[in-house]
**Student:** 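Pasting in a structure now, in structure tokens, and then I'll have a few things to ask.
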Protein chains: 2
Amino acid sequence: MAKGLAEQRRQEMIAALRAGGHRLTPQRLAVVEILAESANHPSVEQVFKRVQRDFPTTSLATIYKTMSLLKQMGQVLELGFAHWGSRYDGKKPYPHPHVICTRCGAIVDPESPGMQELAQQMAGKSGFRISHHRLDFFGLCPRCQGR
Amino acid sequence: MAKGLAEQRRQEMIAALRAGGHRLTPQRLAVVEILAESANHPSVEQVFKRVQRDFPTTSLATIYKTMSLLKQMGQVLELGFAHWGSRYDGKKPYPHPHVICTRCGAIVDPESPGMQELAQQMAGKSGFRISHHRLDFFGLCPRCQGR
DNA sequence: TATCATAGGATAATCGTTTTCCATAGCAGT
DNA sequence: ACTGCTATGGAAAACGATTATCCTATGATA
């Protein structure tokens, strides 16, 4: 929403790239800018097409590589789905709830009340008609914590 | 846990197949039995290997088809992941929280306190060391609700 | 500006899943 | 039980998103 937020995120991502010793190529800067600005959780394909507007020779592989790089630096959040492609969040690269339309694929961020809300309550807030949901926690099980 | 629960789920799945006008083939019955009994959220590959013990000529496609059928009848819950294969829950085929080990792939069902718990709290209960989590709601957005 | 490792581009490879096509076998109805 | 219709199983090809490969080009430093 706020213009300054996108700019701030852009700077943060660029700083992270610099700090990691990565090169600031035009393609990377383009991806960063798109991720910092888009509130619609874009797909790789969508980012690809937008980058192509400025750099027509860009390869899809470059987008994937850049996404992967930003992700492992914690600068983008990947929303991976099993049957459709992944979606990316560069504005809030930390875990937070999402409401997803199974028909058009729209993804919105409900204002997170602290995560201790019920599914039904979230449905009301977003105006979505919730059919089902998914709540996953990732980490190491007791057996695996011993390295 | 209880022996009777698996048997009950098996009966329910068979009844659902009958009600849907689907044939009770040996392969389907084998898949149903495995899903009703396994508490470890098996993958397609795991189900496949177990069915093969009884029916060596079984095809992987058959398992996929059967899983898909049971899923669309609401008799199994699919836990789809973007980068690894899907996992299936035939014991509790309705949305509920899962705790997943990112190292060994173990999946356990924490006793669901009503879903209004924080990630940190769930970590304590399961003994897992949570690194990140995922909370998704699926449904129709306002624009799509108008068919 | 010269150097050199890193990054980009094009394409092939990967992998879980789906589709295709035909032979087989459930499951009525006789 | 027997027959016949149609859904289902089996084998392999197709699929689609993502990843790897390989070579050239280009940032970043001195």
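By convention in this document, chain letters (A, B, ...) are assigned in the order of the sequence lines, proteins followed by strands, and residues within each chain are numbered from 1.
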**Student:** Please give, in whole Å, the distance from D:dA28 P to A:Ile14 CD1?
**Tutor:** 11 Å
**Student:** If you check the B:Lys65 side chain, which of C:dG8, D:dG10, D:dA28 turns out closest?
**Tutor:** D:dG10
**Student:** Nearest whole angstrom, please: distance from the C1' of D:dG27 to the CZ of A:Arg18.
**Tutor:** 12 Å
**Student:** Looking only at the side chain of B:Leu24 (C-beta and beyond, no hydrogens), which of the listed nucleotides D:dG10, D:dT18, C:dC27 gets closest?
**Tutor:** C:dC27
**Student:** Is any side-chain nitrogen or oxygen of A:Gln27 closer than 4.0 Å to OP1 or OP2 of D:dT26?
**Tutor:** no
**Student:** Does B:Ser86 make a side-chain N or O approach to OP1 or OP2 of C:dG16 shorter than 4.0 Å?
**Tutor:** no
**Student:** Tell me whether the OP1 or OP2 atom of D:dT18 has a side-chain N or O from A:Tyr64 closer than 4.0 Å.
**Tutor:** yes
**Student:** Whole-Å distance between D:dT18 C1' and A:Met67 CE?
**Tutor:** 13 Å
**Student:** From the set D:dG10, D:dT21, D:dT8, return the single nucleotide nearest to any side-chain atom of B:His22.
**Tutor:** D:dT8
**Student:** Give the minimum heavy-atom separation between B:Arg87 and B:Gly105, together with the two atoms involved.
**Tutor:** NH1-O, 2.8 Å
**Student:** Identify the heavy atoms of A:Val32 and A:Met13 that sit nearest to each other, and give their distance.
**Tutor:** O-CE, 3.6 Å
**Student:** Contact class for B:Ser68 (heavy atom, under 4.0 Å): base, sugar-phosphate, or nothing?
**Tutor:** nothing
**Student:** Report the distance from atom CG of B:Leu69 to atom C1' of C:dT17, rounded to the nearest whole Å.
**Tutor:** 16 Å
**Student:** Measure from the side chain of B:Ala61, starting at C-beta and using heavy atoms only, and say which of C:dG9, D:dA20, D:dA12 lies closest.
**Tutor:** D:dA12
**Student:** What is the distance from NE2 of A:His83 to P of C:dT18, rounded to the nearest Å?
**Tutor:** 6 Å
**Student:** Side-chain contact test, heavy atoms from C-beta onward, threshold under 4.5 Å: evaluate it for B:His41 versus B:Ile100 and give yes or no.
**Tutor:** no
**Student:** Calculate the interatomic distance between A:Tyr88 atom OH and D:dA17 atom P; express it in whole Å.
**Tutor:** 12 Å
**Student:** With side chains defined as the heavy atoms from C-beta onward, is the minimum distance between B:Met67 and B:Val47 less than 4.5 Å?
**Tutor:** yes
**Student:** How long is the line joining CD1 of B:Ile63 and P of C:dG16, in whole Å?
**Tutor:** 16 Å
**Student:** Report the residue (B:Leu60 or A:Pro56) whose heavy-atom-nearest nucleotide on DNA chain C is the more 5′ of the two.
**Tutor:** A:Pro56
**Student:** Hey, which of these two, B:Pro26 or B:Glu78, hits DNA chain C nearer its 5' end, going by closest nucleotide?
**Tutor:** B:Glu78
**Student:** Phosphate oxygens OP1/OP2 of C:dA10: is one of them under 4.0 Å from a side-chain N or O of A:Ser59?
**Tutor:** no
**Student:** Here's a test for you: under side chain to side chain donor-acceptor pair (under 3.5 Å), which of B:Gln8, B:Glu12, B:Glu7 qualifies with B:Arg10?
**Tutor:** B:Glu7
**Student:** Please report the closest heavy-atom contact between A:Ala30 and A:Phe55, naming both atoms and the distance.
**Tutor:** CB-CE1, 4.0 Å
**Student:** Is there a donor N/O on one and an acceptor N/O on the other, under 3.5 Å, for the side chain of A:Arg23 and the base of C:dA7?
**Tutor:** no
**Student:** Of the candidate nucleotides C:dT17, C:dG26, C:dA7, which contains the atom at the shortest distance from the side chain of A:Thr25?
**Tutor:** C:dA7
**Student:** Rounded to whole Å, please give me the gap between CD in A:Gln52 and P in C:dG8.
**Tutor:** 15 Å
